[in-house]
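This report concerns only the one structure given below.
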Amino acid sequence: MAFSTPISSSYLPRVYSHLSAHDAASETKSRICLSNASSFLQRTLNYKACFPSHLERRESYNFKVSASVTADVSIDEAPVKSSIAKGDTWSIHKFGGTCVGTAQRIQNVAEIVMEDSSERKMVVVSAMAKVTDMMYDLIDRAQSRDDSYELALDAVFEKHKLTALDLLDGDELASFLSTLSLDINNLKAMLRAIYIAGHATESFSDFVVGYGELWSAQMLSSVLRKGGIDCNWMDTREILIVTPAGSNQVDPDYAESEKRLKNWLLQNPSKAIVATGFIASTPQNIPTTLKRDGSDFSAAIMGALFRAQQVTIWTDVDGVYSADPRKVSEAVILNTLSYQEAWEMSYFGANVLHPRTIIPVMRYDIPIVIRNIFNLSAPGTKICRPPVNEQEEKQKLETYVKGFATIDNLALINVEGTGMAGVPGTASAIFGVVKDVGANVIMISQASSEHSVCFAVPEKEVKAVAKALETRFRQALDAGRLSQVAVIPNCSILAAVGQKMASTPGVSATLFNALATANINIRAIAQGCSEYNITVVVKREDCVRALRAVHSRFYLSKTSIAVGIIGPGLIGATLLNQLRDQAAVLKEKSKTDLRVMGILGSRKMLLSDIGIDLSKWKELQEEKGEKADLEKFVQHVHGNHFIPNTVLVDCTASTDVADHYHDWLRTGIHVITPNKKANSGPLDKYLKLRTLQRQSFTHYFYEATVGAGLPIMHTLRDLLQTGDKIIRIEGIFSGTLSYIFNNFVDTRAFSEVVKEARAAGYTEPDPRDDLAGTDVARKVIILARECGLKLELSDIPVQSLVPDPLKATASVDDFMQQLPSFDADIANKRQAAEDAGEVLRYVGVVDVTNQKGLVELQRYNKKHPFAQLSGSDNIIAFTTERYNKQPLIVRGPGAGAEVTAGGVFSDLLRLAKNLGAPSF
Ligand code: ADP
Ligand code: ASP
Ligand code: MG
């Protein structure tokens, strides 16, 4: 077999001959990676000790870092008397897959390289976008004996051929195409072998996937030469020597790599080098990789080998964001990060940087700058050692947390038992087992009682670990010294990263509070003394919400709530207008972001991913509204956005909607409503709802169910919660009936006043709905239940003002027409009252002492506060142990869209406060 790339021919036989030995070696060498600072084994590297003074200008710093580094990487063991130019003359650029994704982009990259005025430069490239995935896919197909790998390989060939045709011409083109064809033929043969064997070893895979980088590097170097740059390309498998370091990691052998680099430079003197990222060789010269996304690491190793002035990592985002911008759309760019912060961010899943990238550059204090190739105006994120003054500066709490990152697909293992307490060596035995399995422990938490050790491992490794632990501890389990080895699947880690964060009072409290108020359960916590991160384990399905909750608490408005409005009728629409007018003020003054993500009408609903423009929601609903679907609506508002808290505001009067409250609250959705149906419906349902609300951090507010915007529920709750005893609540709860009796004076006929109230819009379309008293009875039952009375609506005797013969009358008009014939009866009652110096009032009463409620027409002395009302005012008197001689009275307009919507709005603000918003 002939191989066209410089080292291929020498590799192939070795790949075959070393496979079994290599695989065996990597198996036996696998070890646990005790790596994050939050976890257990912190390897504190004293840099001065590790890298002695012969190492140029950057080595003199004596600072400590904790990281997943193996101590055997020090290059001073075999100092190389180097004749190659090193130091500030070199700059390193690394271009990620998307940067070299098309011919046009490769051309852009060439231009950026040409513009760099450094004396010498090295450009490390990834494979073209998606190519590494395509290469892994080839292997998967071949080893599962799917012969479509041939077609897939053709696609790889075509992609590179077309790119080259666009970019190159003449000899450069011919030479590249001939290399490409040879490589593809060789790959075909190799994949055929995999197909026949039905299996590909790791070495085979590493060999195949590395071609992506070989091709992109060759194309870019040709383009640079075409642009007049003196440029060579480097197959880094000839230079970078790495040894496997357990689960998916390798450690560079700096001494050997430096030696090889020196030789290479002697043979290929050039001021610009295009080097392949990602690929390397083992000490036995077997091709290997630095693992997925490893090109960043390649660039950093090169930076260290050259003692470069800077490593610039070019990618498709403006820098490192405070959280993964795909998950948190409001993430912000971080201008600077310390090495430790960058390390923690990348370790915990910020894949903008390969986790190990930091280690090589940190040794020599070489800054890394992350920049966006598609937005050259963005300065990017600089990762470096923070200047001393910045470290000492008194900072705000927020600035202690730089960013958040997450790792998915984890499982927790909990080893528990009283026999563990005080027994030396238990932890070592547990992790010895994990090491033997070769699993990667991502975090550990041990309760101080020593009764349990709990740690997180990748989900795919959990079965093997649990089985091995059970085998190892069989005896202890049988004897009851260990009670269990429990696996908790479907977990994710959320890490908050920031220098000095953990030692600053208040940071963890804020973090945990944000999670608690978003109703997210924490399964395990780890905070090392490294002070760089706090790690929590949450349910996988809660992870993105948790990320958004903590991110918004530290970075955005303090409290963000996604609002879904159900029923944009009179009250709903008024609320939307009030929100429109007040939203900006709230955001600024009380750091509360109320974002309406959906409006559900009876026919149509309007959904938005970022928040509806409330200045034109009606037009938008007409134009862009889709068919109303309650389930989809709830799913959208709760799930499909970046805000951690959700509230549904039910502005309907529907029982069907109210029937959903329980489910919503159970899934962590807060509910606010002026709809009386849930609280005045069947008692058992009501009690279930309230129990649920009390048990969780989920809130259910219904201030506007009684007295519209008047603070009735609020006052009652305050009285109860401060230990007052309610004796009686008595009030005029119906704005309509208040209006009617306030105007039923002198010689006016009752029917005439009803007609007037109806014309003024004070009544329901059918005034019997008001006169029957049911609405008042519902309010009475709501208050009674709040006081702890277990009453059904049917337990409340209601005196209806609808004359019996008119109850069955068909139409509203018939009713209105016949009402005058019953005027005499009620006029007589008024007269009798007047004769006694009294007035008639339609009231609801909660008699707590006697555990009952009633709704009736009552007489009050003309001096009584109930007799002094005007318009449609409500008045409610609380007689309590504290307010005994004089009741506590709340009075004011108790009907109308503006005040009712205002009541709902105040519930929204109460919710925001409960979720952590500061007072105005
Ligand atoms: P490249 O191919 O250039 O190496 P990657 O896809 O490996 O690019 O890394 C860049 C991507 O990392 C971004 O597109 C972004 O979606 C993702 N990412 C995740 N977390 C972060 C973060 N905290 N800041 C910036 N990008 C992040
Ligand atoms: N091409 C490799 C990968 O996709 C390495 C890299 O891009 O960093 O994993
Ligand atoms: Mg990357």
Side-chain angles (χ1 to χ4, degrees), residues 93-102 105 108-109 124-137 156 205-206 208-217 236 240 248 250 275-280 288-302 311-335 337 341-357 368-375 378 380-381 383 401-408 494-498 543-544 547-548 550-551 555:
H93 294 268
K94 178 260 168 175
F95 293 91
T98 40
C99 305
V100 291
T102 61
R105 289 183 183 176
N108 282 352
V109 166
V124 177
V125 278
S126 291
M128 292 178 76
K130 307 223 169 68
V131 166
T132 310
D133 290 337
M134 290 165 97
M135 302 304 277
Y136 276 112
D137 180 54
V156 170
S205 301
D206 284 354
V208 172
V209 298
Y211 271 99
E213 269 71 11
L214 291 170
W215 295 323
S216 59
T236 41
L240 282 188
N248 226 11
V250 292
T276 53
F278 185 47
I279 52 177
T288 186
T289 69
L290 303 187
K291 311 303 167 196
R292 287 313 304 259
D293 297 317
S295 298
D296 301 334
F297 191 22
S298 309
I301 299 169
M302 288 301 182
V311 175
T312 310
I313 293 189
W314 295 88
T315 183
D316 60 349
V317 280
D318 283 353
V320 180
Y321 281 89
S322 50
D324 187 338
R326 291 164 300 187
K327 293 178 179 159
V328 181
S329 58
E330 304 201 354
V332 296
I333 282 287
L334 303 169
N335 297 328
L337 277 175
E341 287 167 339
W343 150 258
E344 299 277 353
M345 284 290 282
S346 58
Y347 178 81
F348 285 105
N351 56 334
V352 63
L353 205 62
H354 183 278
R356 309 205 76 206
T357 312
I368 294 188
V369 179
I370 314 253
R371 294 199 57 192
N372 189 350
I373 193 158
F374 306 111
N375 181 14
T381 299
I383 300 167
V401 180
K402 279 285 177 64
F404 301 92
T406 55
I407 310 179
D408 287 331
L494 164 69
V497 172
C543 187
V544 172
L547 180 65
R548 289 167 185 166
V550 292
H551 187 269
Y555 272 95

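Worth saying up front: this structure is predicted, and the values here are computed from it rather than measured. No hydrogens, no waters, no symmetry mates; every other heavy atom, side chains included, goes into these values. Both ligands and their constituent atoms are indexed starting at 1 by order of listing.
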(Q) If you take the nearest heavy atom of each of Lys130, Met128, Arg292, which one is closest to atom 4 (O) of ligand 2? (A) Arg292
Q) Quick one: does Lys291 get an N or O within less than 3.5 Å of an N or O on ligand 2? A) no
Q. Taking N or O atoms only and a 3.5 Å limit, does Lys94 qualify as a polar contact for ligand 2?
A. no
**Q.** Any Gly294 heavy atom less than 4.0 Å to ligand 2
**A.** yes
Q. What atoms of ligand 1 come within less than 4.0 Å of a heavy atom belonging to Arg326?
A. 16 (O), 17 (C), 18 (N), 19 (C)
Q) Is there a side-chain contact between Thr236 and Ile301, using heavy atoms and a 4.5 Å cut-off? A) no
Q) Is there a heavy atom of Pro325 sitting under 4.0 angstrom from any atom of ligand 1? A) yes
Q | Identity and separation of the nearest protein heavy atom to atom 6 (C) of ligand 2 | A | Ser295 OG, 3.2 Å
Q | Sub-4.0 Å atoms of ligand 1 with respect to non-hydrogen atoms of Asp316 | A | 10 (C), 13 (C), 14 (O)
Q | Numbered atoms of ligand 2 (with element) below 4.0 Å of Ser126, judged on heavy atoms | A | 6 (C), 7 (O), 8 (O)
(Q) I'd like to know if Asp133 pairs up with Arg292 as an ion pair, taking the criterion as any Lys NZ or Arg NE/NH1/NH2 lying under 4.0 Å from an Asp or Glu carboxylate oxygen. (A) yes
Q) With a cut-off of 4.0 Å, which atoms of ligand 1 are near a heavy atom of Ala350? A) 20 (N), 23 (N)
Q) Quick one: does ligand 1 sit under 4.0 Å from the side chain of Asp293, the backbone, both or neither, non-hydrogen atoms only? A) side chain
Q | Taking atom 7 (O) of ligand 1 as the reference point, the nearest protein heavy atom with its distance | A | Asn351 O, 3.3 Å
Q) Tell me, do Ser346 and Val352 make a side-chain contact under 4.5 Å, heavy atoms counted? A) no
Q.
At less than 4.0 angstrom from any non-hydrogen atom of Tyr321, what atoms of ligand 1 do you find?
A. 22 (C), 23 (N), 24 (N), 25 (C)
Q) Ala323 near ligand 1, heavy-atom distance under 4.0 Å? A) yes
Q | Closest approach of any protein heavy atom to atom 2 (O) of ligand 1, naming residue and atom | A | Gly97 N, 3.3 Å
Q: Run the numbers for me: atoms of ligand 1, each under 4.0 Å from some heavy atom of Gly319, listed by number.
A: 24 (N), 25 (C)
Q: Of the side chain and backbone of Glu213, name the one, both, or neither that has a heavy atom under 4.0 Å from an atom of ligand 2.
A: side chain
Q) With atoms numbered from 1 as shown, which atoms in ligand 1 lie under 4.0 angstrom from a non-hydrogen atom of Thr315? A) 1 (P), 3 (O), 8 (O), 10 (C)
(Q) For Lys94, which part has a heavy atom under 4.0 Å from ligand 1: side chain, backbone, both, or neither? (A) side chain
Q) Counting both backbone and side chain atoms, is some N or O of Thr132 under 3.5 Å from an N or O of ligand 2? A) yes
